[in-house]
Amino acid sequence: MLEMQILRDQKERVLEGFRKRGLSPERLGLVDQAIKLDDDRKEVQTQLDSLLNERNTLSDEIGNLFKQGKGAEANQLKAKVQEIKDNADTLEKRLQMIKTDLDAILVTLPNVPHISVPEGKTPEDNLVYKQSTEKLPDLPQGSMPHWDLAEKYNLIDFKLGVSITGSGFPLYRGFGARLQRALINYFLEQAREAGYEEILPPILVNAETAYGTGQLPDKEAQMYYVERDDLYLIPTAEVPVTNMYRNQIIPEASLPVKLTGYTPCFRREAGSYGSDVKGINRVHQFDKVEIVQIGHPSTSYEALQGMIDHVAHLMDSLELPYRILRLCGGDMGFTSALTYDFEVWAAGQQKWLEVSSVSNFETYQSNRMKMRYRDDKGKIQLVHTLNGSALALPRILVALLENNQTEDGIKLPKVLVPYTGFEWIRVKE
RNA sequence: GGAGAGAUGCCAGAGUGGUUUAAUGGGACAGUCUCGAAAACUGUUGUGCGGGCAACUGCACCGAGGGUUCGAAUCCCUCUCUCUCCGCCA
């Protein structure tokens with residue numbers, strides 16, 4: 001949620017940013033509505049406070065009068081207090097209504113894009129910031145997309161996934177399952193070496209947590225929901241991990257807080273169809289290692305760069321061709337100020353697939369979560385939150401299988417061998 | 001799932017309707033003393049929303065939300081969580 005202060009002091013920048021996101025003129029008008037409501041809120045608050053002050057003073061007097069045995073005078077004052085209370089009740093109700101209206105507006109306002117975010121409406125308009133290589137792999141005759149390779153080597157059983165759960169819940173087995181486990185370990189180990197503390201969080205969260213990182217109310221339809229216990233299955237480790245510091249004041253010296261966590265992720269992906277969901281291109285349950293930073297506002301963009309370098313290093317080490325996109329205003333997530341997407345080349349499908357998204361949320365999440373630090377002047381300030389996938393597994397698996405297929409089998413990158421214990425996938429296990 | 005007890009500040013812990021401005025102890029920080037440190041002594045020690053150029057000041061907050069009352073940490077209701085015992089269980 002945007003800070004009221006930013007809306008007031010940097011209104012032009014906010015409006016310009018919203019235009020970049022392609023918000024309708026009606027929604028741009030919400031900014032002025034919010035400021036107007038906040039003015040009202042202040043005024044009513046001031047009136048209410050002074051009424052309550054009067055009430056408190058008179059109540060003290062009543063107490064004293066009773067002590068002195070002047071019951072009659074005390075009872076006279078009671079009537080007066082009653083009148084004040086009636087007025088205060090009216091103001092209190094008005095204040096609540098104003099706050100509700102203001103909140104309703106604020107939750108519909110997205111984050112303000114960073115100055116470097118490109119103009120644009122669709123994924124076509126994203127800026128290719130860097131591409132690892134111009135040379136995309138040539139595949140031999142008879143090469144296959146990953147769903148055929150997965151069947152050939154018995155790595156993933158889609159039919160069993162369907163019969164056990166439903167479509168979009170693949171069952172990995174044999175070398176497929178072992179490769180998943182190896183990738184998780186490799187990614188966690190790399191993050192740990194880069195200074196991230198490993199977290200194994202709950203994968204069901206309550207509404208307050210889902211609200212903190214912005215999944216609620218904006219993306220409610222994206223999450224699985226357990227009605228009986230009023231809990232949500234997480235769509236990413238970002239949700240529980242970032243919320244570790246909700247409502248906390250973090251000592252400035254311990255910034256940046258660097259956290260990593262592996263979790264399964266659950267996404268309903270309602271409305272997806274076609275070749276996008278073929279194989280494991282898009283599934284309802286997948287595994288991901290996430291990196292999260294809670295940083296000082298003055299260095300958060302350096303931290304973002306560090307996270308991009310970390311992900312790029314992972315991709316390089318896996319010897320996979322990739323490109324980094326700077327997302328345009330229209331394609332960027334609701335809560336983000338600047339997002340870089342990593343896409344891997346899947347040679348079997350001749351397609352770029354998103355494998356990581358690295359974002360700086362500035363104070364958008366921390367304002368909701370009341371996540372703060374105390375600066376050297378003793379003043380309390382909101383932190384910046386950042387996160388990125390490092391990495392999401394299914395599409396990495398897609399690229400590993402498709403790009404590395406040979407007539408002799410699938411050859412894995414060297415760096416994974418210590419984690420898998422095998423270099424080739426040649427036969428069904 | 002059943003029965004009972006509880007939730008107070010950074011921590012421990014008192015407080016059962018009106019100087020509560022939340023006692024007391026510990027911790028942390030600052031000052032005095034010291035070459036320096038320890039000890040001792042003195043002081044400070046929350047958050048949010050307002051007002052004020054500022055010194056300062058108003059309101060709210062004792063798990064959360066309601067209620068009773070002129071007045072609530074304190075009384076009542078609902079919820080959440082923790083602990084103890086029983087049941088179940090990897």
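Naming: A, B, ... by sequence-line order, numbering from 1 per chain.
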Quiz item: Are OP1 or OP2 of B/rG48 and a side-chain N or O of A/R372 less than 4.0 angstrom apart?
Solution: yes

Exercise. Indicate, with yes or no, if the rings of A/F175 and A/F422 have centres closer together than 6.0 Å.
Key: yes

Quiz item: Considering only the C1' atoms, how many Å lie between B/rG27 and B/rG13, rounded to the nearest integer?
Solution: 14 Å

Quiz item: Contact class for A/L52 (heavy atom, under 4.0 Å): base, sugar-phosphate, or nothing?
Solution: sugar-phosphate

Self-check item: Nearest-Å distance for atom pair CG/C1', residues A/D39 and B/rG51
Solution: 15 Å

Quiz prompt | A/L37 CG to B/rC49 C1', straight-line distance once rounded to whole Å | solution = 16 Å

Quiz item: Under 4.0 Å between a Lys/Arg side-chain N and an Asp/Glu carboxylate O for A/E16 and A/R13?
Solution: no

Exercise. Using the P atoms only, state how far B/rC10 lies from B/rG48, rounded to an integer number of Å.
Key: 12 Å

Exercise. For A/N56, report the nucleic acid contact type (base, sugar-phosphate, nothing); a contact means any heavy atom under 4.0 Å.
Key: sugar-phosphate

Practice problem: Tell me the partner of B/rG65, counting only Watson-Crick (N1-N3 plus N6-O4 or O6-N4) or G-U wobble (N1-O2 and O6-N3) with both under 3.5 Å; none if nothing fits. | Solution: B/rC77

Practice problem: Please determine if A/D39 and A/R8 form a salt bridge, counting it only when a charged side-chain N lies under 4.0 Å from a carboxylate O. | Solution: yes

Self-check item: Centroid-centroid distance, A/H384 to A/Y301, less than 6.0 Å
Solution: no

Exercise. Measure the distance from CG on A/L51 to C1' on B/rC70 and round it to the nearest whole Å.
Key: 15 Å

Quiz item: CG of A/N247 versus C1' of B/rC10: gap in Å, rounded?
Solution: 16 Å

Quiz item: Does A/N53 make a side-chain N or O approach to OP1 or OP2 of B/rC59 shorter than 4.0 Å?
Solution: yes

Self-check item: Whole-Å distance separating the CG atom of A/L58 from the P atom of B/rC59
Solution: 12 Å

Quiz item: Do the side-chain N or O atoms of A/K85 get closer than 4.0 angstrom to the phosphate oxygens (OP1, OP2) of B/rG71?
Solution: yes

Self-check item: Counter-base of B/rA5, judged by Watson-Crick or G-U geometry with both distances under 3.5 Å
Solution: B/rU82

Quiz item: If you measure from the Lys or Arg side-chain nitrogens to the Asp or Glu carboxylate oxygens, is any gap between A/K11 and A/D32 under 4.0 Å?
Solution: yes

Practice problem: Write down the distance between CD1 (A/I249) and P (B/rU45), rounded to a whole number of angstrom. | Solution: 16 Å

Practice problem: Please determine, for B/rA30, whether a Watson-Crick or G-U wobble partner exists with both distances under 3.5 Å, and give it or none. | Solution: B/rU42

Quiz item: When rounded to the nearest Å, what value does the distance between P atoms of B/rC29 and B/rA38 take?
Solution: 10 Å

Quiz prompt | Identity of whatever pairs with B/rG50 - Watson-Crick or G-U, under 3.5 angstrom | solution = B/rU57

Practice problem: Would you kindly compare A/Q82 and A/S50 by the position of their nearest RNA chain B nucleotide and give the one closer to the 5′ end? | Solution: A/S50

Quiz prompt | Nearest listed nucleotide, side chain of A/R55, among B/rA60, B/rC59, B/rG18 | solution = B/rA60

Quiz prompt | Value in whole Å for how far the C1' atom of B/rG17 lies from CG of A/N64 | solution = 15 Å

Exercise. Please check if atom CD1 in A/I380 has more than 12 non-hydrogen atoms from other residues, nucleotides or ligands closer than 6.0 Å.
Key: yes

Quiz item: Under 4.0 Å between a Lys/Arg side-chain N and an Asp/Glu carboxylate O for A/E83 and A/K80?
Solution: no

Quiz item: With rounding to whole Å, what would you report as the distance between B/rA7 and B/rA14 at their P atoms?
Solution: 9 Å

Quiz item: Rounded to whole angstrom units, what separation is found between the CZ atom of A/R94 and the P atom of B/rG50?
Solution: 16 Å

Quiz item: Near RNA chain B, which residues from residues 40-49 of chain A have a heavy atom under 4.0 Å away?
Solution: A/R41, A/K42, A/Q45, A/T46, A/D49

Quiz item: Expressed as a whole number of Å, how far does the C1' atom of B/rG65 sit from that of B/rC70?
Solution: 24 Å

Exercise. State whether A/F18 and A/R27 meet the cation-pi test: NZ (Lys) or CZ (Arg) under 6.0 Å from the six-membered ring centroid, and within 45° of the perpendicular axis.
Key: no

Quiz prompt | P-based separation of B/rU69 from B/rA12 [nearest Å] | solution = 36 Å

Self-check item: Near-ring test A/F266/A/H284, centroid separation under 6.0 angstrom
Solution: no

Practice problem: Report the base-pairing partner of B/rG71 (Watson-Crick or G-U wobble, both distances below 3.5 angstrom), or none. | Solution: none

Self-check item: Between B/rG87 and B/rA3 - P atom distance, rounded Å
Solution: 16 Å

Self-check item: Span that lies between the P atom of B/rU8 and that of B/rA23, in whole angstrom
Solution: 16 Å

Quiz item: Quick one: on RNA chain B, does A/V81 or A/K370 contact a more 5' nucleotide (nearest heavy atom)?
Solution: A/K370

